[in-house]
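Working notes for the structure below.
As the structure lists them, so they are numbered: ligands from 1, and atoms in each ligand from 1. Residues take their numbers from the sequence shown, with the count starting at 1.
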Amino acid sequence: MTGLQVTALAGGVGAARFLCGVVAALAEDHPGSELTIIGNTADDLRLYGLHVSPDLDTVLYTLGGGVHDDQGWGRADETFAVQSELAVYGVEPQWFTLGDRDMATHIVRTQMLGGYSLSQVTEALSRRWLASVPVPTRLLPMSDDRVETHVVVREPLGPPHAIHFQEWWVRHQAQLPAEKIVLVGIEQARPAPGVLDAIASADVVLLPPSNPVVSIGPILSVPGMRRALATTSAPVVGVSPIIGGAPVRGMADACLATIGVDVTAAAVAGLYADVLDGWLVDDVDADATDDVAALGIAARSMPLLMRDETSTRAIAGAAI
Ligand code: GDP
Ligand code: CA
């Protein structure tokens, strides 16, 4: 078989795990392939004056073998000296965990952003993390323009107000009632250099099992993205992040509830209906394939739990 040009959209943990399977499948079955990852940057935030890109870093650390495996994000063998010193000074926030090793990445990024675009900075960081991936792989931020996911919440007795998605997710564990999810800056955002090209020239475009509302959602909302995905000659194939009516890990159901979408594999496919050609659901959701097919999307069921390298590679191989 000849090599494939594969383009994948990516959030954080779910996407990064899946992408390891994509790399393994391509390396074995499609030598000569190249992978382009378009990463979500709407989770980005500034902490202690540092520019943190949680989803880009999760992809880099995971593919580069530096991730904390059990957690799925952050660095392995991490220490927290800097953050505990900051706590002694009373510096907030303390609800977002930033380890020492991780902080080095944010320092490099923040420093470089003084003179370079986020794309260029990500390319520089990728030289460390993606160089040893067995398939030539590049990571592009969805946009070089600032976009931030905010959640409009209502605290007891207080008026509705917007907080950064990370504050709602990490600090409040998505427990604070959310009225609305807003992508601040999205109308002005332009796709980063190379993003539209990577979609137009791909042999296949993959939508990993990522949070549909706050990971894939923002990427699709960058002006021009949906059109590019709808018009590329490449098939666009997604993997359901919902198995048996629940997100496998995490609290994606809280996000779906906020936008009024059912927590089902078919409802998530519906969110992507205008761009999707194929959709993988778990065997427990095999009944949903008819509903998905009714949307004009080819659907198939298989085990979708990424429990180890073998199962993840099988899911990726099927998607490809
Ligand atoms: P985040 O940005 O770190 O939250 O990560 P993503 O948005 O990329 O992915 C989170 C989503 O991945 C979760 O909401 C789950 O629905 C999904 N997910 C996690 N593990 C698995 C798995 O083993 N199988 C499937 N199908 N989905 C998973
Ligand atoms: Ca994320």
Side-chain angles (χ1 to χ4, degrees), residues 8-22 37-45 52-63 67-74 96-97 139 141-142 147-151 164-170 173-174 181 183 206-220 237-259 261-265 267-269 271-272 279-285 288 300-316 318-319:
L9 313 190
V13 178
R17 291 209 162 125
F18 173 76
L19 290 168
C20 289
V22 170
I37 303 163
I38 300 169
N40 173 41
T41 55
D43 277 6
D44 286 22
L45 71 169
V52 182
S53 299
D55 284 353
L56 299 184
D57 289 344
T58 296
V59 169
L60 291 175
Y61 296 162
T62 304
L63 288 177
V67 80
H68 186 297
D69 267 326
D70 301 334
Q71 224 165 236
W73 51 271
F96 198 91
T97 309
L139 173 62
M142 67 187 200
V147 178
E148 276 185 18
T149 304
H150 287 202
V151 182
H164 193 286
F165 167 72
Q166 292 290 345
E167 183 168 358
W168 181 64
W169 193 250
V170 179
Q173 295 286 298
I181 293 177
L183 301 172
L206 300 175
L207 270 52
S210 278
N211 187 314
V213 184
V214 294
S215 291
I216 302 295
I219 304 175
L220 294 181
V237 179
V239 177
S240 175
I242 301 297
I243 297 181
V248 186
R249 298 179 186 88
M251 313 165 282
D253 47 336
C255 299
L256 286 166
T258 303
I259 64 163
V261 170
D262 289 346
V263 186
T264 64
V268 175
L271 288 174
Y272 308 148
W279 187 238
L280 290 175
V281 303
D282 190 83
D283 282 334
V284 303
D285 298 312
R300 207 188 286 169
S301 79
M302 67 174 297
L304 286 191
L305 203 55
M306 300 187 285
R307 51 176 97 248
D308 53 24
E309 276 174 33
T310 310
S311 52
T312 306
R313 189 199 167 297
I315 299 165

Considering heavy atoms of the protein only, find what lies nearest to [atom] and give residue, atom and distance to 0.1 Å.
atom: atom 23 (O) of ligand 1; value: Met306 N, 2.8 Å
atom: atom 6 (P) of ligand 1; value: Gly12 N, 3.4 Å
atom: atom 20 (N) of ligand 1; value: Arg249 NH1, 2.4 Å
atom: atom 8 (O) of ligand 1; value: Ser210 OG, 2.6 Å
atom: atom 16 (O) of ligand 1; value: Pro241 O, 2.6 Å
atom: atom 9 (O) of ligand 1; value: Gly14 N, 3.2 Å

Residue [X] vicinity, atoms of ligand 1 by number, heavy atom under 4.0 Å:
X: Ala252; value: 14 (O)
X: Ser215; value: 2 (O), 6 (P), 7 (O)
X: Leu304; value: 22 (C), 23 (O), 24 (N), 25 (C), 26 (N)
X: Asn211; value: 6 (P), 7 (O), 9 (O), 10 (C), 11 (C)

When you look at CD of Glu309, are more than 12 heavy atoms from neighbouring residues, nucleotides or ligands closer to it than 6.0 Å?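 Count not over threshold, so no.
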Any Ser240 heavy atom less than 4.0 Å from ligand 1: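 Flag set, Ser240 near ligand 1.
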Heavy-atom contact under 4.0 Å between Asp55 and ligand 1?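 Under 4.0 Å: yes for Asp55.
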Can you tell me how far apart [atom1] ([X]) and [atom2] ([Y]) are? Round to the nearest 0.5 Å.
X: Thr62; Y: Asp57; atom1: OG1; atom2: CG; answer: 10.0 Å
X: Leu220; Y: Met142; atom1: CG; atom2: CE; answer: 10.0 Å
X: Leu45; Y: Phe96; atom1: CG; atom2: CZ; answer: 5.5 Å
X: Ser215; Y: Asp55; atom1: OG; atom2: CG; answer: 5.0 Å
X: Leu304; Y: Ile242; atom1: CG; atom2: CD1; answer: 11.0 Å

Below 3.5 angstrom, do we get any N/O pair linking Val239 and ligand 1?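 Min N/O separation from ligand 1 is not below 3.5 Å for Val239.
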Is there a donor-acceptor pair closer than 3.5 Å between any side-chain N or O of [X] and the backbone N or O of [Y]?
X: Asn40; Y: Ile219; answer: no
X: Asp253; Y: Pro247; answer: no
X: Trp279; Y: Ala265; answer: yes
X: Asp285; Y: Ala288; answer: no

By atom name, which N, O or S atom belonging to Asp55 lies closest to the Ca ion (ligand 2)?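 For Asp55, the N, O or S atom at the smallest distance from the Ca ion (ligand 2) is OD1.
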So which of the N, O or S atoms of Asp43 lies nearest the Ca ion (ligand 2)?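 Result for Asp43 and the Ca ion (ligand 2): OD2.
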Do Phe18 and Ile315 come close enough that some side-chain heavy atom pair is under 4.5 Å?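 The answer is yes; the side chains approach within 4.5 Å.
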Between the candidates Gly72, Pro209, Pro247, which shows the shortest non-hydrogen contact distance to atom 18 (N) of ligand 1?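 Answer by nearest heavy atom: Pro209.
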Out of Val13, Val268, Thr312, whose heavy atom sits nearest atom 5 (O) of ligand 1?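 It is Val13 that holds the nearest heavy atom.
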Heavy-atom distances under 4.0 Å decide this one: backbone, side chain, both or neither, for Ala15 against ligand 1?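 Both of them.
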Applying a 4.0 Å heavy-atom criterion (strictly less than), which segment of Ile243 is in contact with ligand 1: side chain, backbone, both, or neither?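 Looking at Ile243 and ligand 1, just side chain atoms fall under 4.0 Å.
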Could you label the plane-to-plane angle of the His164 and His150 rings as parallel, tilted or perpendicular, counting under 30° as parallel and over 60° as perpendicular?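 His164 and His150: tilted rings.
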